[in-house]
Amino acid sequence: MSLKNIVREFRVKNKCKAIGRRGRSHIAPEGSSVSSSLSTNEGLNQSIWVDLPPELLLDIIHRIESEQTLWPARRDVVACASVCRSWREMTKEVVKVPEVSGLLTFPISLRQPGPRDDPIQCFIKRERATGIYRLYLGLSPALSGDKSKLLLSAKRVRRATGAEFVVSLSGNDFSRSSSNYIGKLRSNFLGTKFTVYENQPPPFNRKLPPSMQVSPWVSSSSSSYNIASILYELNVLRTRGPRRMQCIMHSIPISAIQEGGKIQSPPTDFINQGKKKKKPLMDFCSGNLGGESVVKEPLILKNKSPRWHEQLQCWCLNFKGRVTVASVKNFQLVAAAAEAGKNMNIPEEEQERVILQFGKIGKDIFTMDYRYPISAFQAFAICLSSFDTKPVCE
Amino acid sequence: MSSSKKSSDGKSSEIEEAVASLTMPFNKILLTSSDGESFEIDEAVARKFQIIAHMIEDDCAGKAIPIDNVTGDILSKIIEYAKKHVVEPDEDEDEEAKKKLDSWDAKFVEKLDLETIFKIILAANYLNFEGLLGFASQTVADYIKDKTPEEVREIFNIENDFTPEEEEAIRKENAWTFNG
């Protein structure tokens with residue numbers, strides 16, 4: 001949405017507000033005590049800041065956004081987006097998607113593709129006792145410490161048919177009916193095939209009167225999409241060597257990494273303006289699926305084959321310092337250049353690009369670096385599959 | 001622009017003086033606020049306000065310029081800042097001077113309440129005084145840092161105009177954001 005439109009809307013809104021305010025009693029914002037020190041003129045009952053020209057407010061928000069890039073300071077940007085409608089619109093204009101900025105800001109950032117060049121670097125902590133895996137933004141616990149931003153958590157649930165991991169925004173709420181529920185990972189009995197499901201809240205129903213609206217965030221009718229399949233090759237012959245894995249990304253077309261390709265992210269519009277296509281105001285955590293969950297030619301990721309190091313007598317991959325402990329779980333995923341004999345038309349530099357890298361750096365600590373075109377959630381889900389022990393594959 | 005006429009006798013010099021006192025010395029400009037307060041400042045200082053600089057360039061600046069949108073109390077603060085910033089020290093060349101000026105700036109804004117800062121922003125915007133506008137905006141941005149949305153609303157006396165559904169979504173968003 002252009003700045004001009006925001007400015008125009010802002011002015012109209014505030015005109016109406018000024019008129020409506022005359023007879024209304026002062027309503028204190030929730031959670032705060034009425035501050036008498038600020039509103040000494042009860043008669044005016046109007047914030048002077050409402051008269052701040054939009055371009056100046058935009059400048060202020062811009063300053064905050066460009067300064068507060070690291071967590072926990074990045075909270076300030078989300079705080080700005082939570083003040084009121086006009087501030088939210090401004091903030092949404094200012095914040096760029098992770099693909100462009102390399103920064104995670106809102107929960108929805110977790111469902112958006114990573115940057116093309118430098119990957120977003122995260123680490124995963126495993127809690128063996130509870131079966132909980134936590135994804136943090138940062139290089140490692142040692143470097144980022146207690147201030148690391150918790151992005152996602154997953155809890156492993158054992159089922160008769162195989163393992164299941166429930167992925168949530170919250171560190172301790174793994175209920176599937178909760179609004180924190182993002183998706184799940186389900187394995188088959190042998191642990192050779194995993195399916196990733198991403199949860200998508202139902203679209204906001206504008207036809208119902210406000211009193212009849214169920215909060216879109218807590219709804220049993222939210223749909224679950226199968227967005228990826230992860231396959232581990234059965235190592236029946238027990239030949240030595242690393243296991244091979246393949247990820248079929250049902251929601252990402254191969255065109256995303258072809259020349260000039262990009263991912264379409266149709267917005268889930270909560271503030272529908274009829275014909276006017278507007279950037280969604282309330283896209284709390286809606287993904288980039290837009291109804292089309294299976295694409296015709298999905299992107300396929302394969303793990304990069306390690307080289308045999310004669311002197312060290314082991315298989316080696318260049319993790320660029322991000323993985324320091326040898327483990328069968330470690331992997332690097334690149335786009336498959338050819339599949340079933342068919343050339344995928346991927347530019348050579350894209351073939352070399354490591355889209356997802358995962359590996360051990362300590363006891364129960366693993367690093368995860370991901371890039372365009374996958375999102376943090378997709379990357380996390382794929383890494384979780386690596387935790388499920390697969391004796392048949394080793 | 002004082003008269004360069006040579007005085008032939010005492011009376012002419014009186015006239016000269018009278019003329020001189022009426023007309024301002026060429027490098028001074030008079031600004032008058034909306035509430036009638038007048039400030040005589042050097043042209044160099046006045047040039048910090050782009051709208052005045054342009055008027056001077058276009059030769060349509062009289063010696064007395066009315067500033068209709070700004071009251072005297074705010075205008076005096078702005079002029080105070082402008083005087084200090086006529087020459088901006090280069091960080092690389094004169095670190096000492098830059099530090100001193102930054103310290104002055106901090107003290108300057110410390111004494112001001114938020115409402116005054118707001119008025120300064122509007123006035124600096126009107127006068128097109130980029131340096132002060134940037135500084136004042138940064139001050140406001142710093143106010144917002146490390147605050148919850150409720151605190152920001154309280155400080156700026158802004159109304160929460162989200163619908164209950166939107167409020168719910170924002171609560172969830174904030175739960176993730178502030179989950180530590």
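Since the structure is predicted, the reported quantities are computational estimates derived from the model, not experimental observations. Lettering of chains follows the sequences in order, A, B, ..., and the numbering in each one begins at 1.
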* Check: A/C84 main-chain N/O paired with B/D161 side-chain donor or acceptor under 3.5 Å -> no

* Are there more than 12 heavy atoms of other residues, nucleotides or ligands under 6.0 Å from atom CD of B/E96? -> no

* Evaluate whether atom CD of B/E130 has more than 12 neighbouring non-hydrogen atoms of other residues, nucleotides or ligands under 6.0 angstrom away. => no

* **Candidate pair A/V50 and B/I158, rule side chain to side chain contact (heavy atoms under 4.5 Å, CB included), full reasoning** => CA-CA 7 Å; A/V50 156; B/I158 293 175; 5.7 Å; no

* To do: With the side chain counted from C-beta on, respond yes when A/L151 and B/W176 share a heavy-atom pair under 4.5 Å apart, and no when they do not.
  => yes

* **Contact check, side chains of B/L122 and A/P53, non-hydrogen atoms, under 4.5 Å** => yes

* Trace of the side chain to side chain contact (heavy atoms under 4.5 Å, CB included) decision for A/L56 with B/L133 -> CA-CA 9 Å; A/L56 296 184; B/L133 179 59; 4.1 Å; yes

* State, with a plain yes or no, whether a side-chain heavy atom of A/R85 is found less than 4.5 Å away from one of B/E159. => no

* Any donor-acceptor pair under 3.5 Å from A/D76 side chain to B/K145 backbone -> no

* Structure fact -> ring pair (Phe, Tyr, Trp, His ring centres under 6.0 Å) filter on A/F377, not counting sequence neighbours, yields none

* Structure fact -> Closest non-hydrogen atoms of A/A81 and B/I170, given as atom of the first, atom of the second and distance, are O-CD1, 4.5 Å

* Given side chains that start at C-beta, do those of A/W87 and B/I144 come closer than 4.5 Å, heavy atoms only? -> yes

* Hey, could you give me the CH2/CG distance between A/W49 and B/L114, rounded to the nearest 0.5 Å? => 4.5 Å

* To do: For chain A, find which of B/K119, B/Q138, B/E151 contributes the most heavy-atom pairs closer than 4.5 angstrom.
  => B/Q138

* Dump the intermediate steps for side chain to side chain contact (heavy atoms under 4.5 Å, CB included) on B/F156 and A/V83, then the final yes or no. => CA-CA 10 Å; B/F156 294 92; A/V83 171; over 6 Å; no

* Asked: In chain order, what residues pass the side-chain hydrogen bond (donor to acceptor under 3.5 Å, both in side chains) check against B/H85, with sequence neighbours excluded?
  -> B/Y81, B/E88, B/D105

* **Chi angles and distances behind the side chain to side chain contact (heavy atoms under 4.5 Å, CB included) call for A/S170, B/N179** => CA-CA 8 Å; A/S170 155; B/N179 72 359; over 6 Å; no

* Atom group of A/I60 that falls short of 4.5 Å from chain B, counting heavy atoms -> both

* Flag the pair A/R88 and B/E166 as a salt bridge only when some basic side-chain nitrogen lies within less than 4.0 angstrom of an acidic carboxylate oxygen. => no

* Taking C-beta and beyond as the side chain, do A/L52 and B/F118 meet within less than 4.5 Å on heavy atoms? -> yes

* Asked: Is atom CD of B/E95 surrounded by more than 12 heavy atoms (other residues, nucleotides or ligands) closer than 6.0 Å?
  -> no

* Asked: Is the closest side-chain heavy-atom distance between B/N174 and A/S82 below 4.5 Å?
  -> yes

